[in-house]
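Since the structure comes first, as structure tokens, the remarks are kept for the end.
These figures come from a predicted structure and were not determined experimentally. Naming: A, B, ... by sequence-line order, numbering from 1 per chain.
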Protein chains: 2
Amino acid sequence: METTATEAATPEARVLDAAGTLFYGRGLQAVGMDAIRAASGVSLKRLYQLYPSKDALVEACLRRRDARWRDALARYADARPAGPERVMAVFDWLHQWFEEPDFRGCAFVNSFGELGAASETVAAVARAHKDAFRRYLTGLVTGAGAPAALADQLALLAEGAIVTAAISGGAEPALRAKEAARVLLEAAVAPPRS
Amino acid sequence: METTATEAATPEARVLDAAGTLFYGRGLQAVGMDAIRAASGVSLKRLYQLYPSKDALVEACLRRRDARWRDALARYADARPAGPERVMAVFDWLHQWFEEPDFRGCAFVNSFGELGAASETVAAVARAHKDAFRRYLTGLVTGAGAPAALADQLALLAEGAIVTAAISGGAEPALRAKEAARVLLEAAVAPPRS
DNA sequence: CCACGCGGAGAACGGTCGTTCTCTCTGCTG
DNA sequence: CAGCAGAGAGAACGACCGTTCTCCGCGTGG
């Protein structure tokens with residue numbers, strides 16, 4: 001989900017790669033500009049030419065992570081046949097994400113918890129990310145013949161799985177979420193029994 | 001969920017109240033010891049006599065918040081009749097929590113995102129909190145005649161609702177989670193249709 | 001009334017961090 | 001070859017923060 005390091009082409013990409021990895025791995029406030037300089041090999045002066053402040057760099061990293069995360073999810077899910085399969089694919093993708101060794105939860109949730117109260121920018125980027133995810137899920141759900149309202153419920157399962165996997169350190173929450181999602185999907189597609 | 005301020009009896013309680021509110025509202029790293037001194041009215045010297053370091057104070061605040069949060073939930077839910085009602089009560093309680101004006105998500109999720117990578121203590125407290133919540137939920141679920149495995153699924157819904165309510169700023173995620181929980185609970189109590 | 005010790009207020013210290021500045025080197029232009 | 005624009009390395013600066021220290025007032029015990 002993030003190219004590892006320093007050999008990318010443009011200085012801008014090197015900075016975003018290094019800063020993205022550091023911010024995600026250690027938290028926003030815990031990473032100093034000097035650590036980003038060291039990890040990216042881009043001098044401090046150039047760094048401030050590319051981004052006028054640390055806040056701007058944080059925002060750029062978050063926006064790029066949003067785009068890449070949603071692209072990766074969509075590439076994975078859209079490879080499955082449309083319908084219920086494609087909805088379930090979301091949870092398979094989460095499972096494989098959780099198993100990545102440097103998985104540390106949702107960058108947007110973490111950033112919001114750290115700076116959301118102080119930075120309206122960070123809060124807005126986090127909201128936008130979650131909205132976009134929910135919209136994507138809504139497309140999958142209606143494509144499976146289920147009412148759009150189901151997407152909100154599945155989004156809650158996915159969020160809960162991400163948070164729980166991060167804190168517990170295991171990938172099983174994706175499996176539990178997938179089981180629950182299947183029950184909800186089947187109940188929503190077939191009319192309820194009573 | 002947190003007494004507001006400065007007039008509590010013992011200096012220790014004043015410190016924990018003030019620090020708890022500040023940490024939760026602004027984040028751990030964003031609150032300096034001097035702000036805690038000002039908000040609690042307890043001198044810096046006495047503060048360091050009570051807690052040898054900021055880390056120790058953070059840990060004490062988190063542990064107290066864990067105990068109070070789970071007590072409040074249990075008091076609310078255990079007032080309902082045992083069975084499915086009591087399981088659903090969890091989501092009603094979440095809904096009223098989300099509507100509190102200073103609600104800012106789960107303190108343990110926020111703290112984990114901010115410091116979990118750097119502080120094993122914070123990570124452990126967060127894990128313990130989530131485990132305890134899941135155990136409590138398991139008791140409610142089995143008391144409603146549903147298999148214990150359902151508790152994990154409902155915990156994911158609750159976590160997702162907390163995170164989503166924090167970022168979106170609204171309380172509706174509790175309602176969506178409750179609807180989903182009811183479907184899962186009914187499917188788990190009655191044998192599945194197929 | 002006097003010596004004393006405890007507690008508060010706030011200065012001080014050492015370290016870190018975001019941001020800027022200086023100095024030097026390099027490679028190009030006329 | 002002379003001069004210059006740009007870039008890198010790293011020092012410098014100002015602010016903040018966790019922690020400790022100093023100083024002073026005050027109440028207590030003899």
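- Rounded to whole angstrom, the span from the CG atom of A/Leu47 across to the P atom of D/dA9 amounts to 12 Å.
- The distance from atom CG of A/Leu28 to atom C1' of C/dG18 is 15 Å, rounded to the nearest whole Å.
- Remark: P of C/dT16 and NZ of A/Lys54 are 15 Å apart, rounded to the nearest angstrom.
- The distance between atom CD of B/Gln29 and atom P of C/dC17, rounded to the nearest whole Å, is 10 Å.
- When each of C/dT19, D/dT20, D/dG8 is scored by its nearest atom to the side-chain atoms of B/Tyr48, the top-ranked nucleotide is D/dT20.
- Between A/Lys45 and A/Val31, the one whose closest nucleotide on DNA chain C sits nearer the 5' end is A/Val31.
- In this structure, of D/dG8, C/dT19, D/dG18, it is D/dG18 that holds the atom nearest to the side chain of B/Met33.
- In this structure, the nucleotide among C/dT19, D/dT19, D/dA7 sitting nearest to the side chain of A/Leu44 is C/dT19.
- For the pair B/Lys130 and B/Glu159, the minimum side-chain heavy-atom distance is below 4.5 Å.
- The pair A/Asp131-A/Arg134 meets the salt-bridge criterion, since a charged nitrogen lies less than 4.0 angstrom from a carboxylate oxygen.
- Counting only N and O atoms by type, the side chains of B/Glu59 and B/Tyr51 include no donor and acceptor under 3.5 Å apart.
- The CZ atom of A/Arg37 sits 13 Å away from the C1' atom of C/dC17 (whole-angstrom rounding).
- Here C/dG8 presents its P atom at 9 Å from CZ of B/Arg14, a figure rounded to the nearest Å.
- For B/Leu50 and D/dT19, the CG to C1' distance is 15 Å, given to the nearest whole Å.
- Between A/Asp71 and A/Arg68, none of the side-chain N atoms (NZ, or NE/NH1/NH2) sits under 4.0 Å from a carboxylate O, so this pair counts as no salt bridge.
- Comparing D/dA9, C/dA9, D/dT19 by their closest approach to the side chain of A/Ser43 singles out D/dA9.
- Distance CD (B/Gln49) to P (C/dC6): 10 Å, rounded to an integer number of Å.
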